[in-house]
Amino acid sequence: MRSILEELFLGAINPNLEQFKDNEPYTKAMETIQANQELLMEHIDEESGKLLLQMADAFSEVLSIVSIERFTEGARIGGRLVQALLEE
């Protein structure tokens, strides 16, 4: 049996590849985003459309950065928790 570190190194563990399982709020939010973006793009000029897409891309980048930071902080907390449990 491989260690968790070996599995992580080899790419056998990749939380980003996991799909949401029947997450209705997520699906509804994504549908709303898509529908509103399409409606806005139909009603604005090309330059404004580019700005809208740039803003959406920047927002996605911010969410990605925040997700990475929260993930790493959660891992650190988990590590400290394990350490505390082993010290007891």
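This structure is a prediction, so every number in the text was calculated from the model and none was measured.
Between Gln34 and the choices Gln37, Glu38, Glu31, the side-chain hydrogen bond (donor to acceptor under 3.5 Å, both in side chains) rule is met once, by Glu38.
Of the possible polar contacts, one joining the Ser67 side chain to the Leu63 backbone as a donor-acceptor pair under 3.5 Å is found.
Arg76 has a carboxylate O that lies under 4.0 Å from a charged side-chain N of Glu73, or vice versa, which qualifies the two as a salt bridge.
Ile77 is not connected to Val82 by any chain of hydrophobic side-chain contacts under 4.5 Å among Ile, Leu, Val, Met, Phe, Trp and Tyr, and they are in different clusters. The same ILVMFWY cluster, assembled from side-chain heavy atoms under 4.5 Å apart, contains both Leu40 and Leu53.
Looking only at atom types and distance, the side chain of Ser48 has a donor-acceptor partner in the side chain of Asp45 under 3.5 Å away.
Counted within 6.0 Å of CD1 on Ile4, heavy atoms from surrounding residues, nucleotides or ligands total 12 or fewer; the atom is thus considered open. Dense packing is recorded around CE of Met41, with more than 12 heavy atoms of other residues, nucleotides or ligands lying under 6.0 Å away.
Going from atom CG of Leu85 over to atom CZ of Arg80 covers 13.0 Å, rounded to the nearest 0.5 Å. Here the CG-OG1 distance, from Asn23 to Thr27, works out to 6.0 Å after rounding to the nearest 0.5 Å.
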key: Evaluation steps, side-chain contact (heavy atoms from CB on, under 4.5 Å), between Leu52 and Met55   = CA-CA 5 Å; Leu52 176 64; Met55 184 184 71; 3.9 Å; yes

